[in-house]
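Let me begin by presenting the structure, written as C-alpha coordinates, before commenting on it.
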Amino acid sequence: SEPFSEKLRVPEALTFDDVLLRPMESRVEPDAADVSTRVSTNVELQIPILSAAMDTVTEAEMAIGMAREGGLGVLHRSMDTAEMEAQIAQVKRADELVIRRENVVTAAPEQTVNDVDAMMEHEGVSGAPVVDDEDRVLGIISGTDIRPYLEVGESDEVREAMTDEVVTASEDVSARDALELMYDHKIERVPIVDDEEHLVGLVTMQGILARRENENAARDADGRLRVGAAVGPFEDERAVAADEAGADVLFIDCAHAHNLNVLDSARAITETVDADVVLGNVGTRAAAEAAVDFADGLKVGIGPGSICTTRVVSGAGMPQITAVAEVADVASQHDVPVIADGGIRYSGDAIKAIAAGADAVMLGSYFAGTDEAPGRVITMNGKKYKQYRGMGSVGAMQSGGGERYLKEENDEEYVPEGVEAATPYTGTLASELHQLVGGMQSGMGYVGAESIPEFKERSEFIRVSSAGQTEGHPHDVMITDEAPNYSPNE
Ligand code: XMP
(Lines give C-alpha, C1' and ligand atoms only; values in the text may rest on other atoms or scores of the structure.)
Protein backbone atom coordinates (compact mmCIF):
# COMPACT_ATOMS: atom_id res chain seq x y z
CA SER A 1 0.00 0.00 0.00
CA GLU A 2 0.98 3.63 -0.39
CA PRO A 3 3.24 5.12 2.25
CA PHE A 4 1.27 7.31 4.64
CA SER A 5 3.49 10.23 3.87
CA GLU A 6 1.91 10.28 0.40
CA LYS A 7 -1.23 11.56 2.10
CA LEU A 8 0.67 14.71 2.86
CA ARG A 9 0.89 15.64 -0.79
CA VAL A 10 -2.36 17.49 -0.31
CA PRO A 11 -4.43 19.50 -2.76
CA GLU A 12 -5.12 23.10 -1.91
CA ALA A 13 -8.66 24.21 -1.13
CA LEU A 14 -9.69 27.84 -1.02
CA THR A 15 -12.39 29.94 0.56
CA PHE A 16 -13.88 33.41 0.21
CA ASP A 17 -11.01 35.42 1.70
CA ASP A 18 -8.41 33.58 -0.40
CA VAL A 19 -9.68 35.00 -3.67
CA LEU A 20 -10.89 38.19 -5.36
CA LEU A 21 -12.57 38.84 -8.69
CA ARG A 22 -10.24 40.27 -11.31
CA PRO A 23 -11.60 43.66 -12.45
CA MET A 24 -12.27 43.59 -16.20
CA GLU A 25 -13.31 45.78 -19.08
CA SER A 26 -16.95 46.67 -18.65
CA ARG A 27 -19.87 48.60 -20.06
CA VAL A 28 -22.24 47.27 -17.43
CA GLU A 29 -23.66 49.70 -14.91
CA PRO A 30 -24.27 47.76 -11.70
CA ASP A 31 -27.96 48.54 -11.44
CA ALA A 32 -28.46 47.23 -14.98
CA ALA A 33 -26.99 43.83 -14.08
CA ASP A 34 -29.69 41.14 -14.21
CA VAL A 35 -29.49 38.87 -11.19
CA SER A 36 -32.31 36.49 -12.08
CA THR A 37 -31.37 32.83 -11.86
CA ARG A 38 -32.52 29.25 -11.40
CA VAL A 39 -32.54 27.58 -8.03
CA SER A 40 -33.54 24.17 -9.35
CA THR A 41 -34.27 22.71 -12.75
CA ASN A 42 -37.78 24.17 -12.97
CA VAL A 43 -37.80 27.09 -10.57
CA GLU A 44 -36.59 30.56 -11.46
CA LEU A 45 -35.96 33.42 -9.06
CA GLN A 46 -35.58 37.16 -9.63
CA ILE A 47 -32.68 37.37 -7.18
CA PRO A 48 -30.18 34.56 -6.49
CA ILE A 49 -30.81 34.46 -2.75
CA LEU A 50 -32.27 31.88 -0.34
CA SER A 51 -32.81 32.09 3.40
CA ALA A 52 -31.54 29.11 5.40
CA ALA A 53 -33.77 26.31 6.71
CA MET A 54 -33.04 27.11 10.35
CA ASP A 55 -35.41 27.66 13.27
CA THR A 56 -33.95 31.11 13.94
CA VAL A 57 -34.13 32.15 10.27
CA THR A 58 -37.00 30.86 8.13
CA GLU A 59 -40.65 30.45 9.03
CA ALA A 60 -43.61 31.73 7.03
CA GLU A 61 -42.96 35.43 7.63
CA MET A 62 -39.39 35.21 6.33
CA ALA A 63 -40.50 33.05 3.40
CA ILE A 64 -43.16 35.62 2.43
CA GLY A 65 -40.60 38.43 2.68
CA MET A 66 -38.02 36.54 0.62
CA ALA A 67 -40.47 35.62 -2.15
CA ARG A 68 -41.86 39.17 -2.33
CA GLU A 69 -38.31 40.40 -2.97
CA GLY A 70 -37.75 37.76 -5.67
CA GLY A 71 -35.82 35.16 -3.65
CA LEU A 72 -36.82 31.99 -1.81
CA GLY A 73 -37.28 31.14 1.87
CA VAL A 74 -36.74 27.53 2.88
CA LEU A 75 -38.89 26.55 5.87
CA HIS A 76 -36.92 24.67 8.53
CA ARG A 77 -37.99 21.16 9.50
CA SER A 78 -37.97 21.49 13.24
CA MET A 79 -41.78 21.68 13.26
CA ASP A 80 -44.39 18.95 12.91
CA THR A 81 -45.88 18.16 9.52
CA ALA A 82 -49.19 19.90 10.26
CA GLU A 83 -47.36 23.09 11.21
CA MET A 84 -45.25 22.89 8.06
CA GLU A 85 -48.38 22.50 5.92
CA ALA A 86 -49.95 25.50 7.63
CA GLN A 87 -46.85 27.63 7.00
CA ILE A 88 -46.66 26.61 3.34
CA ALA A 89 -50.34 27.55 3.00
CA GLN A 90 -49.67 30.90 4.68
CA VAL A 91 -46.98 31.76 2.15
CA LYS A 92 -49.05 30.51 -0.77
CA ARG A 93 -52.04 32.65 0.07
CA ALA A 94 -50.11 35.75 1.18
CA ASP A 95 -50.35 37.64 -2.11
CA GLU A 96 -53.09 35.68 -3.80
CA LEU A 97 -55.39 37.75 -6.00
CA VAL A 98 -58.47 35.70 -5.16
CA ILE A 99 -58.57 34.61 -1.54
CA ARG A 100 -60.14 31.15 -1.71
CA ARG A 101 -63.46 30.42 -0.02
CA GLU A 102 -61.98 28.42 2.85
CA ASN A 103 -59.80 31.39 3.81
CA VAL A 104 -62.50 34.06 3.51
CA VAL A 105 -63.90 35.33 6.80
CA THR A 106 -67.71 35.56 6.44
CA ALA A 107 -70.60 36.75 8.59
CA ALA A 108 -74.12 35.33 8.97
CA PRO A 109 -77.17 37.65 8.65
CA GLU A 110 -78.47 36.81 12.10
CA GLN A 111 -75.18 37.49 13.91
CA THR A 112 -75.12 40.67 15.99
CA VAL A 113 -72.92 43.58 14.94
CA ASN A 114 -71.03 43.33 18.24
CA ASP A 115 -70.27 39.75 17.52
CA VAL A 116 -69.08 40.45 13.98
CA ASP A 117 -67.00 43.39 15.17
CA ALA A 118 -65.16 41.11 17.61
CA MET A 119 -64.77 38.40 14.97
CA MET A 120 -63.28 40.77 12.39
CA GLU A 121 -60.88 42.16 14.96
CA HIS A 122 -59.79 38.65 15.92
CA GLU A 123 -59.32 37.55 12.29
CA GLY A 124 -57.52 40.75 11.36
CA VAL A 125 -59.91 41.74 8.54
CA SER A 126 -61.83 44.99 8.05
CA GLY A 127 -64.87 43.61 6.26
CA ALA A 128 -66.67 40.35 5.48
CA PRO A 129 -69.19 39.03 2.96
CA VAL A 130 -72.50 38.06 4.56
CA VAL A 131 -73.71 34.63 3.40
CA ASP A 132 -76.84 32.54 4.00
CA ASP A 133 -76.97 28.87 4.98
CA GLU A 134 -76.28 27.85 1.41
CA ASP A 135 -73.29 30.14 1.11
CA ARG A 136 -75.08 32.62 -1.18
CA VAL A 137 -73.89 36.19 -0.87
CA LEU A 138 -76.53 38.46 0.72
CA GLY A 139 -74.42 41.49 1.42
CA ILE A 140 -71.15 42.74 2.73
CA ILE A 141 -70.33 44.23 6.11
CA SER A 142 -67.41 46.46 7.02
CA GLY A 143 -66.20 48.57 9.89
CA THR A 144 -67.93 51.58 8.33
CA ASP A 145 -71.31 49.78 8.35
CA ILE A 146 -70.91 48.71 11.95
CA ARG A 147 -69.56 51.88 13.54
CA PRO A 148 -72.87 53.84 13.81
CA TYR A 149 -74.47 50.91 15.64
CA LEU A 150 -71.62 50.59 18.09
CA GLU A 151 -71.61 54.36 18.72
CA VAL A 152 -75.23 54.40 19.84
CA GLY A 153 -74.62 51.27 21.86
CA GLU A 154 -77.03 49.05 19.95
CA SER A 155 -76.31 45.60 18.75
CA ASP A 156 -78.63 44.88 15.87
CA GLU A 157 -78.40 41.97 13.52
CA VAL A 158 -75.93 42.03 10.68
CA ARG A 159 -78.76 41.98 8.12
CA GLU A 160 -79.76 45.47 9.36
CA ALA A 161 -76.29 46.93 9.20
CA MET A 162 -74.84 45.33 6.07
CA THR A 163 -74.68 46.84 2.59
CA ASP A 164 -77.00 44.67 0.56
CA GLU A 165 -76.19 45.96 -2.89
CA VAL A 166 -73.06 43.93 -3.40
CA VAL A 167 -70.77 44.21 -6.38
CA THR A 168 -69.54 40.72 -7.22
CA ALA A 169 -67.35 39.26 -9.94
CA SER A 170 -66.76 35.84 -11.43
CA GLU A 171 -63.72 33.66 -10.89
CA ASP A 172 -61.90 34.66 -14.05
CA VAL A 173 -61.71 38.33 -13.03
CA SER A 174 -58.35 39.98 -13.68
CA ALA A 175 -56.55 42.22 -11.20
CA ARG A 176 -57.16 45.19 -13.49
CA ASP A 177 -60.92 44.57 -13.79
CA ALA A 178 -61.28 44.03 -10.07
CA LEU A 179 -59.48 47.28 -9.37
CA GLU A 180 -61.69 49.14 -11.83
CA LEU A 181 -64.82 47.78 -10.13
CA MET A 182 -63.49 48.94 -6.79
CA TYR A 183 -62.69 52.44 -8.02
CA ASP A 184 -66.05 52.79 -9.80
CA HIS A 185 -68.06 51.74 -6.77
CA LYS A 186 -65.74 53.15 -4.11
CA ILE A 187 -65.44 49.78 -2.42
CA GLU A 188 -62.49 47.80 -1.09
CA ARG A 189 -63.54 44.20 -1.60
CA VAL A 190 -65.33 42.22 -4.28
CA PRO A 191 -66.79 38.80 -3.46
CA ILE A 192 -66.19 36.24 -6.20
CA VAL A 193 -69.27 34.13 -6.92
CA ASP A 194 -70.25 31.23 -9.14
CA ASP A 195 -73.29 31.17 -11.48
CA GLU A 196 -75.66 30.67 -8.57
CA GLU A 197 -74.23 33.48 -6.44
CA HIS A 198 -72.41 31.07 -4.13
CA LEU A 199 -69.31 32.58 -2.58
CA VAL A 200 -66.12 31.08 -4.01
CA GLY A 201 -63.59 33.73 -3.04
CA LEU A 202 -62.78 37.37 -2.33
CA VAL A 203 -60.60 40.01 -3.97
CA THR A 204 -59.42 42.90 -1.81
CA MET A 205 -57.91 46.28 -2.68
CA GLN A 206 -55.15 45.64 -0.15
CA GLY A 207 -54.27 42.36 -1.86
CA ILE A 208 -54.07 43.98 -5.30
CA LEU A 209 -51.89 46.84 -4.07
CA ALA A 210 -49.53 44.41 -2.29
CA ARG A 211 -49.08 42.52 -5.55
CA ARG A 212 -48.35 45.72 -7.43
CA GLU A 213 -45.67 46.71 -4.97
CA ASN A 214 -43.87 43.45 -5.56
CA GLU A 215 -43.60 43.17 -9.29
CA ASN A 216 -40.30 41.40 -8.81
CA ALA A 217 -41.72 38.69 -6.56
CA ALA A 218 -40.94 35.01 -7.09
CA ARG A 219 -44.28 33.49 -8.11
CA ASP A 220 -45.54 30.11 -9.27
CA ALA A 221 -47.62 29.55 -12.41
CA ASP A 222 -50.78 30.58 -10.51
CA GLY A 223 -49.23 33.83 -9.33
CA ARG A 224 -48.75 32.64 -5.75
CA LEU A 225 -45.50 33.29 -3.86
CA ARG A 226 -42.90 30.57 -4.07
CA VAL A 227 -41.73 28.68 -0.99
CA GLY A 228 -39.19 25.96 -0.23
CA ALA A 229 -39.38 23.37 2.54
CA ALA A 230 -36.64 21.33 4.18
CA VAL A 231 -37.28 17.63 4.73
CA GLY A 232 -35.09 14.98 6.30
CA PRO A 233 -33.51 12.42 3.97
CA PHE A 234 -35.70 9.63 5.37
CA GLU A 235 -38.87 11.66 5.85
CA ASP A 236 -40.83 10.42 2.84
CA GLU A 237 -44.15 11.31 4.44
CA ARG A 238 -43.14 14.86 5.21
CA ALA A 239 -41.87 15.20 1.65
CA VAL A 240 -45.22 14.09 0.21
CA ALA A 241 -47.07 16.40 2.61
CA ALA A 242 -44.90 19.39 1.64
CA ASP A 243 -45.40 18.60 -2.03
CA GLU A 244 -49.17 18.35 -1.69
CA ALA A 245 -49.31 21.53 0.41
CA GLY A 246 -47.75 23.36 -2.54
CA ALA A 247 -44.06 23.74 -1.74
CA ASP A 248 -42.21 24.62 -4.96
CA VAL A 249 -38.89 23.11 -4.00
CA LEU A 250 -38.07 20.45 -1.41
CA PHE A 251 -34.63 20.60 0.16
CA ILE A 252 -33.38 17.27 1.38
CA ASP A 253 -31.51 18.53 4.36
CA CYS A 254 -28.56 16.53 5.57
CA ALA A 255 -25.09 17.42 6.88
CA HIS A 256 -23.46 14.80 4.65
CA ALA A 257 -25.54 13.91 1.62
CA HIS A 258 -22.80 11.70 0.21
CA ASN A 259 -24.03 9.04 2.61
CA LEU A 260 -25.25 6.15 0.48
CA ASN A 261 -28.40 5.55 2.53
CA VAL A 262 -29.26 9.23 2.19
CA LEU A 263 -28.73 9.07 -1.55
CA ASP A 264 -30.99 6.01 -1.93
CA SER A 265 -33.76 7.60 0.06
CA ALA A 266 -33.40 10.95 -1.71
CA ARG A 267 -33.66 9.28 -5.08
CA ALA A 268 -36.87 7.54 -3.99
CA ILE A 269 -38.31 10.86 -2.77
CA THR A 270 -37.65 12.54 -6.12
CA GLU A 271 -39.68 9.79 -7.75
CA THR A 272 -42.75 10.32 -5.55
CA VAL A 273 -43.14 14.12 -5.57
CA ASP A 274 -43.95 16.70 -8.25
CA ALA A 275 -41.94 19.52 -6.70
CA ASP A 276 -38.30 20.01 -7.59
CA VAL A 277 -35.93 18.31 -5.16
CA VAL A 278 -32.62 19.90 -4.18
CA LEU A 279 -30.18 17.62 -2.40
CA GLY A 280 -27.62 18.81 0.14
CA ASN A 281 -25.24 19.28 1.51
CA VAL A 282 -22.40 18.11 -0.64
CA GLY A 283 -18.90 19.47 -1.01
CA THR A 284 -16.98 17.34 -3.49
CA ARG A 285 -16.91 16.27 -7.10
CA ALA A 286 -17.56 12.66 -6.08
CA ALA A 287 -20.68 13.55 -4.11
CA ALA A 288 -21.98 15.62 -7.02
CA GLU A 289 -21.43 12.70 -9.39
CA ALA A 290 -23.42 10.41 -7.12
CA ALA A 291 -26.46 12.71 -7.07
CA VAL A 292 -26.49 14.66 -10.29
CA ASP A 293 -28.58 12.20 -12.28
CA PHE A 294 -31.65 12.51 -10.05
CA ALA A 295 -31.40 15.80 -8.11
CA ASP A 296 -33.00 18.99 -9.49
CA GLY A 297 -30.37 21.04 -7.67
CA LEU A 298 -27.32 20.50 -5.46
CA LYS A 299 -26.61 22.47 -2.30
CA VAL A 300 -23.00 22.90 -1.26
CA GLY A 301 -21.48 23.47 2.17
CA ILE A 302 -19.64 21.19 4.55
CA GLY A 303 -18.92 23.30 7.60
CA PRO A 304 -18.56 26.89 6.33
CA GLY A 305 -21.50 28.28 8.32
CA SER A 306 -21.06 31.03 10.89
CA ILE A 307 -22.52 28.90 13.69
CA CYS A 308 -20.99 25.62 12.49
CA THR A 309 -18.50 23.60 14.44
CA THR A 310 -18.61 20.62 12.08
CA ARG A 311 -15.01 21.07 10.94
CA VAL A 312 -13.60 21.45 14.43
CA VAL A 313 -15.71 18.67 15.92
CA SER A 314 -15.37 16.12 13.12
CA GLY A 315 -12.14 17.19 11.49
CA ALA A 316 -13.90 17.04 8.10
CA GLY A 317 -14.94 19.79 5.71
CA MET A 318 -14.19 21.65 2.51
CA PRO A 319 -13.33 25.33 2.16
CA GLN A 320 -16.34 26.77 0.41
CA ILE A 321 -14.99 28.26 -2.84
CA THR A 322 -13.28 24.99 -3.78
CA ALA A 323 -16.33 22.96 -2.71
CA VAL A 324 -18.63 25.05 -4.92
CA ALA A 325 -16.28 24.84 -7.89
CA GLU A 326 -15.91 21.04 -7.63
CA VAL A 327 -19.67 20.50 -7.44
CA ALA A 328 -20.35 23.04 -10.20
CA ASP A 329 -17.87 21.28 -12.52
CA VAL A 330 -20.13 18.22 -12.44
CA ALA A 331 -23.53 19.91 -12.10
CA SER A 332 -23.00 22.30 -15.01
CA GLN A 333 -22.37 19.33 -17.31
CA HIS A 334 -25.87 18.11 -16.46
CA ASP A 335 -27.55 21.52 -16.39
CA VAL A 336 -28.32 21.13 -12.68
CA PRO A 337 -28.26 24.35 -10.60
CA VAL A 338 -25.92 24.73 -7.62
CA ILE A 339 -26.61 26.59 -4.37
CA ALA A 340 -23.72 27.78 -2.18
CA ASP A 341 -24.87 27.41 1.45
CA GLY A 342 -23.09 28.98 4.42
CA GLY A 343 -20.18 31.19 5.31
CA ILE A 344 -21.36 34.29 3.44
CA ARG A 345 -20.66 37.41 5.52
CA TYR A 346 -20.62 40.11 2.85
CA SER A 347 -22.16 40.70 -0.57
CA GLY A 348 -18.64 40.19 -1.97
CA ASP A 349 -18.63 36.61 -0.63
CA ALA A 350 -21.99 35.96 -2.28
CA ILE A 351 -20.85 37.07 -5.73
CA LYS A 352 -17.55 35.15 -5.35
CA ALA A 353 -19.64 32.01 -4.74
CA ILE A 354 -21.44 32.67 -8.03
CA ALA A 355 -18.12 33.16 -9.81
CA ALA A 356 -17.03 29.78 -8.43
CA GLY A 357 -20.00 28.20 -10.20
CA ALA A 358 -23.05 28.62 -7.96
CA ASP A 359 -26.39 29.74 -9.40
CA ALA A 360 -27.69 31.01 -6.07
CA VAL A 361 -26.58 31.46 -2.47
CA MET A 362 -28.16 30.54 0.87
CA LEU A 363 -27.58 32.62 3.98
CA GLY A 364 -28.38 32.18 7.65
CA SER A 365 -26.60 34.71 9.84
CA TYR A 366 -27.08 37.51 7.31
CA PHE A 367 -30.87 37.32 7.80
CA ALA A 368 -31.15 36.12 11.39
CA GLY A 369 -31.11 39.67 12.75
CA THR A 370 -34.02 40.94 10.63
CA ASP A 371 -37.60 41.62 11.71
CA GLU A 372 -38.82 38.74 9.53
CA ALA A 373 -36.71 36.09 11.31
CA PRO A 374 -38.45 34.20 14.14
CA GLY A 375 -37.78 35.26 17.73
CA ARG A 376 -37.76 38.57 19.52
CA VAL A 377 -35.23 41.36 19.80
CA ILE A 378 -33.11 41.22 22.97
CA THR A 379 -31.10 44.10 24.40
CA MET A 380 -27.66 43.61 25.92
CA ASN A 381 -25.50 46.54 27.06
CA GLY A 382 -27.78 48.90 25.18
CA LYS A 383 -27.39 47.07 21.85
CA LYS A 384 -30.11 45.08 20.12
CA TYR A 385 -29.71 41.45 19.08
CA LYS A 386 -31.69 38.45 17.92
CA GLN A 387 -30.96 34.82 18.68
CA TYR A 388 -29.19 32.75 16.02
CA ARG A 389 -28.22 29.14 16.49
CA GLY A 390 -26.93 26.19 14.48
CA MET A 391 -29.47 23.45 13.79
CA GLY A 392 -26.88 21.08 15.23
CA SER A 393 -26.52 23.12 18.44
CA VAL A 394 -27.66 21.67 21.76
CA GLY A 395 -30.59 24.11 21.96
CA ALA A 396 -31.88 23.36 18.48
CA MET A 397 -31.52 19.62 19.01
CA GLN A 398 -33.38 19.80 22.31
CA SER A 399 -36.29 21.54 20.65
CA GLY A 400 -36.67 18.88 17.99
CA GLY A 401 -34.20 19.80 15.26
CA GLY A 402 -30.81 18.37 14.59
CA GLU A 403 -31.62 14.98 13.04
CA ARG A 404 -29.29 16.35 10.47
CA TYR A 405 -26.42 16.07 12.92
CA LEU A 406 -27.01 12.46 13.99
CA LYS A 407 -28.93 13.08 17.17
CA GLU A 408 -29.55 9.81 19.01
CA GLU A 409 -33.14 9.07 19.97
CA ASN A 410 -33.68 9.84 23.71
CA ASP A 411 -30.03 10.62 24.14
CA GLU A 412 -29.39 13.75 26.15
CA GLU A 413 -25.67 13.52 25.57
CA TYR A 414 -25.56 15.29 22.26
CA VAL A 415 -22.41 15.72 20.26
CA PRO A 416 -23.28 19.13 18.83
CA GLU A 417 -21.91 20.49 15.56
CA GLY A 418 -23.10 24.03 16.05
CA VAL A 419 -23.31 26.83 18.59
CA GLU A 420 -26.03 29.10 19.94
CA ALA A 421 -25.38 32.77 19.48
CA ALA A 422 -26.78 36.26 19.23
CA THR A 423 -26.54 38.37 16.09
CA PRO A 424 -27.01 42.15 15.85
CA TYR A 425 -30.57 43.23 15.13
CA THR A 426 -30.58 44.64 11.59
CA GLY A 427 -34.13 45.88 10.85
CA THR A 428 -36.06 44.93 7.74
CA LEU A 429 -35.27 42.09 5.40
CA ALA A 430 -35.86 44.40 2.44
CA SER A 431 -33.02 46.72 3.45
CA GLU A 432 -30.62 43.79 4.07
CA LEU A 433 -31.47 42.36 0.66
CA HIS A 434 -31.02 45.75 -0.95
CA GLN A 435 -27.42 45.87 0.31
CA LEU A 436 -26.73 42.24 -0.55
CA VAL A 437 -28.09 42.38 -4.10
CA GLY A 438 -26.64 45.84 -4.75
CA GLY A 439 -23.17 44.61 -3.73
CA MET A 440 -23.48 41.57 -5.97
CA GLN A 441 -24.51 43.75 -8.91
CA SER A 442 -21.50 45.93 -8.22
CA GLY A 443 -19.31 42.82 -8.56
CA MET A 444 -20.98 42.07 -11.90
CA GLY A 445 -20.20 45.64 -12.98
CA TYR A 446 -16.48 45.20 -12.17
CA VAL A 447 -16.42 42.05 -14.27
CA GLY A 448 -18.55 43.47 -17.07
CA ALA A 449 -21.29 40.84 -16.99
CA GLU A 450 -24.95 41.60 -17.61
CA SER A 451 -26.40 38.37 -16.33
CA ILE A 452 -25.59 35.58 -13.90
CA PRO A 453 -24.79 33.03 -16.64
CA GLU A 454 -22.50 35.56 -18.35
CA PHE A 455 -20.86 36.42 -15.05
CA LYS A 456 -20.20 32.74 -14.27
CA GLU A 457 -18.57 32.36 -17.64
CA ARG A 458 -16.54 35.55 -17.71
CA SER A 459 -15.32 36.11 -14.15
CA GLU A 460 -11.78 35.19 -13.10
CA PHE A 461 -10.25 34.81 -9.66
CA ILE A 462 -6.94 35.99 -8.37
CA ARG A 463 -5.31 34.62 -5.22
CA VAL A 464 -4.96 37.00 -2.29
CA SER A 465 -2.13 36.92 0.27
CA SER A 466 -2.84 37.72 3.87
CA ALA A 467 -1.30 41.17 3.28
CA GLY A 468 -3.68 41.60 0.35
CA GLN A 469 -6.56 40.62 2.54
CA THR A 470 -5.67 43.18 5.19
CA GLU A 471 -5.38 45.81 2.48
CA GLY A 472 -8.90 44.98 1.33
CA HIS A 473 -10.56 45.91 4.61
CA PRO A 474 -10.61 49.43 6.04
CA HIS A 475 -7.21 49.91 7.67
CA ASP A 476 -5.23 52.50 9.58
CA VAL A 477 -8.38 54.44 10.38
CA MET A 478 -10.88 54.41 13.18
CA ILE A 479 -14.36 53.87 11.77
CA THR A 480 -16.66 56.59 13.07
CA ASP A 481 -19.96 55.75 11.38
CA GLU A 482 -21.07 52.23 10.71
CA ALA A 483 -21.76 51.46 7.04
CA PRO A 484 -24.98 49.54 6.33
CA ASN A 485 -23.05 46.76 4.56
CA TYR A 486 -19.84 46.50 6.58
CA SER A 487 -19.20 45.64 10.16
CA PRO A 488 -15.58 45.39 11.30
CA ASN A 489 -16.13 42.55 13.80
CA GLU A 490 -17.41 40.06 11.27
P1 XMP B 1 -24.33 31.09 7.65
O2 XMP B 1 -22.85 31.24 7.59
O3 XMP B 1 -25.04 31.81 6.54
O4 XMP B 1 -24.60 29.53 7.46
O5 XMP B 1 -24.86 31.51 9.00
C6 XMP B 1 -25.88 28.96 7.41
C7 XMP B 1 -25.77 27.48 7.06
O8 XMP B 1 -25.08 26.76 8.07
C9 XMP B 1 -25.48 25.39 8.07
N10 XMP B 1 -25.80 25.00 9.44
C11 XMP B 1 -24.98 24.29 10.23
N12 XMP B 1 -23.79 23.73 9.99
N13 XMP B 1 -23.71 22.94 12.22
C14 XMP B 1 -23.16 23.03 10.98
O15 XMP B 1 -22.07 22.49 10.78
C16 XMP B 1 -24.92 23.47 12.54
O17 XMP B 1 -25.38 23.39 13.68
C18 XMP B 1 -25.59 24.18 11.49
N19 XMP B 1 -26.81 24.80 11.41
C20 XMP B 1 -26.88 25.30 10.15
C21 XMP B 1 -26.68 25.29 7.15
O22 XMP B 1 -26.23 24.73 5.93
C23 XMP B 1 -27.11 26.74 7.00
O24 XMP B 1 -27.82 26.97 5.81
Side-chain angles (χ1 to χ4, degrees), residues 15-17 39 49-58 62-63 66 71-78 228-230 232-233 249 251-257 278-283 297-321 323-324 327 338-350 352-353 358 360-370 373 386-407 414-424 426 429 432-433 436 487 490:
T15 190
F16 300 107
D17 282 347
V39 68
I49 318 277
L50 289 80
S51 66
M54 300 173 71
D55 64 0
T56 48
V57 181
T58 311
M62 175 65 75
M66 287 295 301
L72 187 75
V74 183
L75 299 171
H76 68 85
R77 62 186 174 97
S78 207
V249 189
F251 288 76
I252 298 192
D253 179 49
C254 171
H256 184 37
V278 170
L279 179 68
N281 278 9
V282 293
L298 291 173
K299 189 154 68 68
V300 182
I302 310 288
S306 59
I307 34 51
C308 291
T309 54
T310 290
R311 294 182 192 167
V312 225
V313 169
S314 72
M318 266 298 250
Q320 185 70 341
I321 286 286
V324 169
V327 172
V338 172
I339 299 155
D341 171 20
I344 291 170
R345 303 148 302 169
Y346 302 109
S347 47
D349 294 343
K352 288 177 194 176
V361 292
M362 177 179 266
L363 301 89
S365 76
Y366 202 96
F367 299 134
T370 63
K386 285 189 88 161
Q387 190 196 18
Y388 180 48
R389 64 183 183 190
M391 292 308 290
S393 66
V394 172
M397 289 198 277
Q398 274 168 348
S399 65
E403 284 84 358
R404 173 174 171 158
Y405 299 93
L406 302 177
K407 183 185 81 174
Y414 302 113
V415 182
E417 290 190 19
V419 295
E420 295 174 75
T423 184
T426 48
L429 173 67
E432 288 300 280
L433 279 173
L436 182 59
S487 150
E490 278 175 59

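Computed from a predicted structure; not experimentally measured. Note: hydrogens, waters and symmetry copies are ignored here, and every other heavy atom, side chains too, is used. Just so you know, ligand 1 is whichever comes first in the structure, and atom 1 is the first atom listed for that ligand.
Of all atoms in ligand 1, listed by their number and element, those nearer than 4.0 Å to a heavy atom of Ser306 are 1 (P), 2 (O), 4 (O), 5 (O). Which parts of ligand 1 touch Tyr388 is read off a 4.0 Å heavy-atom cut-off, strictly below it: atoms 1 (P), 4 (O), 5 (O), 6 (C). Residue Met391 approaches ligand 1 through these ligand atoms, each under 4.0 Å from one of its heavy atoms: 16 (C), 17 (O), 18 (C), 19 (N), 20 (C). Interface of Ala52 with ligand 1, defined as ligand atoms under 4.0 Å from a residue heavy atom, comprises 24 (O). Shown in contact with Ser365 at under 4.0 Å from a heavy atom are these atoms of ligand 1, numbered in order with element: 1 (P), 3 (O), 5 (O). Taking every heavy atom of Gly390 and a limit of under 4.0 angstrom, the matching atoms of ligand 1 come to 16 (C), 17 (O), 18 (C), 19 (N). Distances below 4.0 Å separate heavy atoms of Gly392 from the following atoms of ligand 1: 16 (C), 17 (O). Listed by atom number, the atoms of ligand 1 under 4.0 Å from Asn281 heavy atoms are 22 (O).
Counting heavy atoms from C-beta on, the side chains of Asp17 and Arg345 come closer than 4.5 Å. Within the 4.5 Å cutoff, no side-chain heavy atoms of Val74 are placed close to those of Asp253. Two residues are said to be in side-chain contact when any heavy atoms from C-beta on lie closer than 4.5 Å; Pro304 and Thr15 fail this criterion. Counting only heavy atoms from C-beta outward, the side chains of Ile49 and Phe367 approach each other to under 4.5 Å.
Separating the CD1 atom in Ile344 from the OH atom in Tyr366 is a distance of 10.0 Å, to the nearest 0.5 Å. Note that the CZ atom of Arg389 and the OG atom of Ser399 stand 4.0 Å from one another [nearest 0.5 Å]. To the nearest 0.5 Å, atom CD1 of residue Ile302 and atom CG of residue Asp341 are 9.5 Å apart. Leu50 CG to Ile339 CD1: the interatomic distance, rounded to the nearest 0.5 Å, is 5.5 Å. Rounded to the nearest 0.5 angstrom, Met362 CE and Met54 CE are separated by 10.0 Å.
For ligand 1, the polar-atom distance check finds no N/O of Ala53 at less than 3.5 Å from any of the ligand's N/O atoms. Annotation: Leu363 places no N or O atom under 3.5 Å from an N or O atom of ligand 1; distance criterion only. Considering backbone and side-chain N/O atoms, Gly303 never comes within less than 3.5 Å of an N/O atom of ligand 1. Looking at Arg389 next to ligand 1, no N or O pair under 3.5 Å apart turns up. Among the atoms of Pro304, none of the N or O lies under 3.5 angstrom from an N or O of ligand 1.
With atom 16 (C) of ligand 1 as the reference point, the heavy atom nearest to it among Met397, Met362, Glu417 is part of Glu417.
Contacts between Arg345 and ligand 1, counted as non-hydrogen atom pairs separated by less than 4.0 Å, are absent for every part of the residue. At a 4.0 Å heavy-atom cut-off, ligand 1 does not touch Tyr366 at all. Contacts between Val419 and ligand 1, counted as non-hydrogen atom pairs separated by less than 4.0 Å, are absent for every part of the residue.
By the side chain to side chain contact (heavy atoms under 4.5 Å, CB included) test, Ala373 is found to be paired with Met62, Thr370, Lys386, residues two or more places apart in sequence or in another chain being considered. By the side chain to side chain contact (heavy atoms under 4.5 Å, CB included) test, Ala422 pairs with Met380, Tyr385, sequence neighbours left out.
Heavy-atom separations between Gly301 and ligand 1 are all 4.0 Å or longer.
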